[in-house]
Amino acid sequence: MKPLLLSVDYELFFGEDSGTVENCMIRPLKHLMEVLDAFEGKMTVFWDILHYYRLRQLAAEVEDLRFDMELIEKQIHTLLKKGHDVQMHVHPHWLDARWEKQKWRFSYNRFSLHRLWDDADPENMDSIMGVVSQARLLMEEVCRKVDPAYRVRVFRAGGYRVEPFERLAAVFQANGLRVDSSAGKGMRSFSADYPFDFTRLPDFTHYRFDDTVMLHHSEGLFWEFPKGMVKVPPLRRIQFYFLQNFVYPWRGTYGDGKRLAFTRKEQSGHWWNLPGSRYYRLTAEGMDPVRWRYLWQQTPPWSQVVLHSKSMSPRTVELLRQNLRRRQLTFHSLRQRLDDLNVYPGEDGPIEVE
């Protein structure tokens, strides 16, 4: 059996229709948890914590949002009780989200974490330091209700946008964080406002680094656990296109919202109008059995499968169930892998920062 890491971005959509918490988050994760629990699999759930932060701000005046907040908190507690891992996912545009006419309205001026200030005040929510610090404290407050020893250990930037990392290094150290899981080999965006380019990312399932995730450093303070990616040659891409459109047509998702337009191409990891080989994310969402089998067979052990709760479907869950039932794959959380590699040595939690 091949061991793989499994992570899920636990979030709503960010387009004109964000969808509902029930269908984009609660239902898909509930079904995935049932399958993993039946086969003793584990996952890491990257919680979009600023969504929850905004719910808390508005819960007293909007009953529907209070209900959403309680649903999320209850499921987070269930995950932890069952031995799954919960880590930090940050989408700063939630700071500016408005609830109007029963819908979320977004501004994307601060879609990237790097649009925030460099102020070192851990209470300033307009700064990178403040957002990460307050998000960590909020997550630990919620999670310690069922796991008193819980600490945030892993960070995932929204939309892959972890670079330039030198602006995050001091923030990580101040919050006892040593691990990032934002990048993906071959992913890139030419957006003028939110660019990134990981075409030259180190080709490892995990590695250490210092000032940038783009350079492996054997003695680096920080660790990168990139999202799994597979380089697919042109003829195989043509086969995938045929299968997707004529043999295994799209059957919808649990999520009931719409994707943000400017992220569609970069999130897919390849463009059909460009020739040559392209990188595909190692994911079972939107996959047919042939494409999914090809992807996991081509990837090395301990690569990271990345799902999004909002983009999962019953077929996604069934593909993973079949892998587990046939003893082809085992799924593990990042927390388990960090412990195996002794990333946080000497104690059950992040290192102390002087």
Side-chain angles (χ1 to χ4, degrees), residues 2-14 24-25 28-29 31-33 35-36 41-48 79 84-91 154-162 179-189 196 198 201 203-207 213 223-232 253-255 259-260 263-270 278-287 291-313 315-317 319-320 323 329-338:
K2 178 181 288 186
L4 295 176
L5 301 177
L6 177 61
S7 67
V8 182
D9 287 6
Y10 188 56
E11 61 191 17
L12 295 179
F13 287 91
F14 307 135
C24 293
M25 300 171 71
L29 208 64
H31 292 305
L32 179 58
M33 200 178 344
V35 168
L36 292 176
K42 300 300 178 188
M43 63 180 161
T44 292
V45 173
F46 280 100
W47 184 9
D48 189 3
L79 285 162
H84 298 288
D85 183 27
V86 178
Q87 299 297 340
M88 183 189 295
H89 190 28
V90 173
H91 277 286
V154 189
F155 175 87
R156 175 166 288 172
Y160 295 84
R161 289 162 172 85
V162 69
V179 182
D180 177 71
S181 184
S182 304
K185 176 79 172 181
M187 298 298 293
R188 58 182 176 173
S189 169
F196 65 86
F198 295 128
L201 195 75
D203 198 10
F204 304 115
T205 58
H206 66 271
Y207 59 93
V213 300
W223 295 64
E224 179 68 25
F225 284 75
K227 303 172 183 183
M229 306 294 294
V230 178
K231 195 170 187 178
V232 179
T253 63
Y254 289 113
R259 296 182 66 179
L260 183 58
T263 67
R264 286 177 182 170
K265 288 186 178 180
E266 67 189 37
Q267 295 289 336
S268 67
H270 63 280
R278 293 293 161 203
Y279 281 94
Y280 283 52
R281 286 188 299 123
L282 180 61
T283 182
E285 56 187 53
M287 295 291 121
R291 185 165 24 160
W292 169 237
R293 182 170 60 251
Y294 176 86
L295 293 178
W296 68 256
Q297 287 180 341
Q298 294 298 312
T299 197
W302 298 111
S303 296
Q304 184 178 175
V305 179
V306 178
L307 305 176
H308 297 75
S309 58
K310 62 190 179 187
S311 300
M312 289 168 52
S313 68
R315 186 160 73 185
T316 305
V317 177
L319 287 174
L320 299 183
N323 290 141
L329 301 174
T330 59
F331 295 114
H332 306 262
S333 69
L334 271 76
R335 167 70 182 269
Q336 291 172 308
R337 191 65 174 148
L338 299 186

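Note that the structure is a prediction, hence the values are computed from the model and not measured.
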Q: Just so I know, are the side chains of L282 and Q304 near enough to count as touching, which here means a heavy-atom distance under 4.5 Å?
A: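 Side-chain contact under 4.5 Å: no.
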Q: With the side chain counted from C-beta on, respond yes when W302 and H332 share a heavy-atom pair under 4.5 Å apart, and no when they do not.
A: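 Result yes, sub-4.5 Å side-chain heavy-atom pair found.
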Q: Once rounded to the nearest 0.5 Å, what's the spacing between atom CZ of R293 and atom CE of M287?
A: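 Atom-to-atom, R293:CZ and M287:CE are 13.5 Å apart.
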Q: Looking at every heavy atom in both E285 and H308, which two are closest together, and how far apart are they?
A: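 Looking at all heavy atoms of both residues, the closest pair is OE1-N, 2.6 Å.
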Q: Between L334 and S181, is there a side-chain heavy-atom distance shorter than 4.5 Å?
A: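 Counting from C-beta outward, S181 and L334 do come under 4.5 Å.
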Q: Given side chains that start at C-beta, do those of V306 and F46 come closer than 4.5 Å, heavy atoms only?
A: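 In short, these two side chains do not touch, never coming nearer than 4.5 Å.
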Q: Could you give the distance from NZ (K310) to CD (E11), rounded to the nearest 0.5 Å?
A: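 Result: 3.5 Å between the selected atoms.
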Q: If only atom types and distance count, is the side chain of Q336 paired as donor or acceptor with the main-chain N or O of M43 below 3.5 Å?
A: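 Looks like no, no N/O pair under 3.5 Å.
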Q: Where is the tightest heavy-atom contact between Y254 and S313, given as atom of each residue plus distance?
A: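 Residues Y254 and S313, closest heavy atoms: CE1-C, 3.4 Å.
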Q: Going through the distances and angles, do M33 and L79 end up as a side-chain contact (heavy atoms from CB on, under 4.5 Å)?
A: CA-CA 8 Å; M33 200 178 344; L79 285 162; 3.8 Å; yes
Q: Test your reading of the model: is there a side-chain donor-acceptor pair from T299 to the backbone of W296, 3.5 Å cut-off?
A: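 No; judged by distance alone, with no hydrogens or angles, the pair does not exist.
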Q: Quick one: does W292's side chain get under 4.5 Å of L320's, heavy atoms only?
A: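 Counting from C-beta outward, W292 and L320 do come under 4.5 Å.
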Q: Apply side-chain contact (heavy atoms from CB on, under 4.5 Å) to residues R156 and M88 and explain how you reach the verdict.
A: CA-CA 6 Å; R156 175 166 288 172; M88 183 189 295; over 6 Å; no
Q: Measure the spacing between NE2 of H206 and CG of L338 and express it to the nearest 0.5 Å.
A: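 Rounded to the nearest 0.5 Å, the NE2-CG separation comes to 10.0 Å.
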Q: Give me the atom names and distance for the closest heavy-atom approach of C24 to G255.
A: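 The answer is SG-CA, 3.7 Å.
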Q: If I take atom CZ from residue R291 and atom OG1 from residue T283, how far apart are they, to the nearest 0.5 angstrom?
A: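 Here the interatomic distance stands at 10.0 Å.
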Q: If only side-chain N and O atoms count, and only distance matters, is there a donor-acceptor pair under 3.5 Å linking T44 with Q87?
A: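 Their side chains do not contain a donor-acceptor pair, so the 3.5 Å distance test is not met.
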Q: How many angstroms lie between atom NE2 of H91 and atom CZ of R161, to the nearest 0.5 angstrom?
A: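 So the NE2 of H91 and the CZ of R161 are separated by 9.5 Å.
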Q: Should V305 and L329 count as side-chain neighbours, where that means a heavy-atom distance under 4.5 Å?
A: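 Not touching, per the 4.5 Å side-chain cut-off.
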Q: Are the side chains of Y160 and K227 in contact, using a 4.5 Å heavy-atom criterion?
A: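 Contact flag for K227/Y160 side chains = yes.
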Q: Would you say that D85 contacts K42 through its side chain, given a criterion of any heavy-atom pair below 4.5 Å between the two side chains?
A: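 No - every pair of side-chain heavy atoms lies 4.5 Å or more apart.
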Q: Which of parallel (below 30°), tilted (30 to 60°) and perpendicular (above 60°) describes W223 and F225?
A: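 Plane angle under 30°, so parallel.
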Q: Before giving the answer on side-chain contact (heavy atoms from CB on, under 4.5 Å), spell out for F198 and V213 the whole-Å C-alpha distance, their side-chain angles and the decisive distance to 0.1 Å.
A: CA-CA 9 Å; F198 295 128; V213 300; 4.0 Å; yes
Q: Report the C-alpha separation of Y279 and K185 in whole Å, then their side-chain angles, then the decisive distance to 0.1 Å, and conclude whether the side-chain contact (heavy atoms from CB on, under 4.5 Å) test is met.
A: CA-CA 8 Å; Y279 281 94; K185 176 79 172 181; 3.4 Å; yes
Q: Grab the two heavy atoms, one from P301 and one from T205, that are nearest each other, plus how far apart they are.
A: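 Distance-wise, the nearest heavy atoms are O-CG2, 3.6 Å.
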Q: Could you tell me the separation between the CZ atom of F14 and the CG atom of D48, rounded to the nearest 0.5 Å?
A: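 Here the rounded value is 5.0 Å.
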Q: Looking at every heavy atom in both K2 and Q297, which two are closest together, and how far apart are they?
A: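 Taking K2 first and Q297 second, the nearest heavy atoms are NZ-O, 3.4 Å.
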Q: To check you understand the geometry: which heavy-atom pair defines the closest contact between F331 and L36, and what is its length?
A: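 The answer is CD1-CD2, 4.1 Å.
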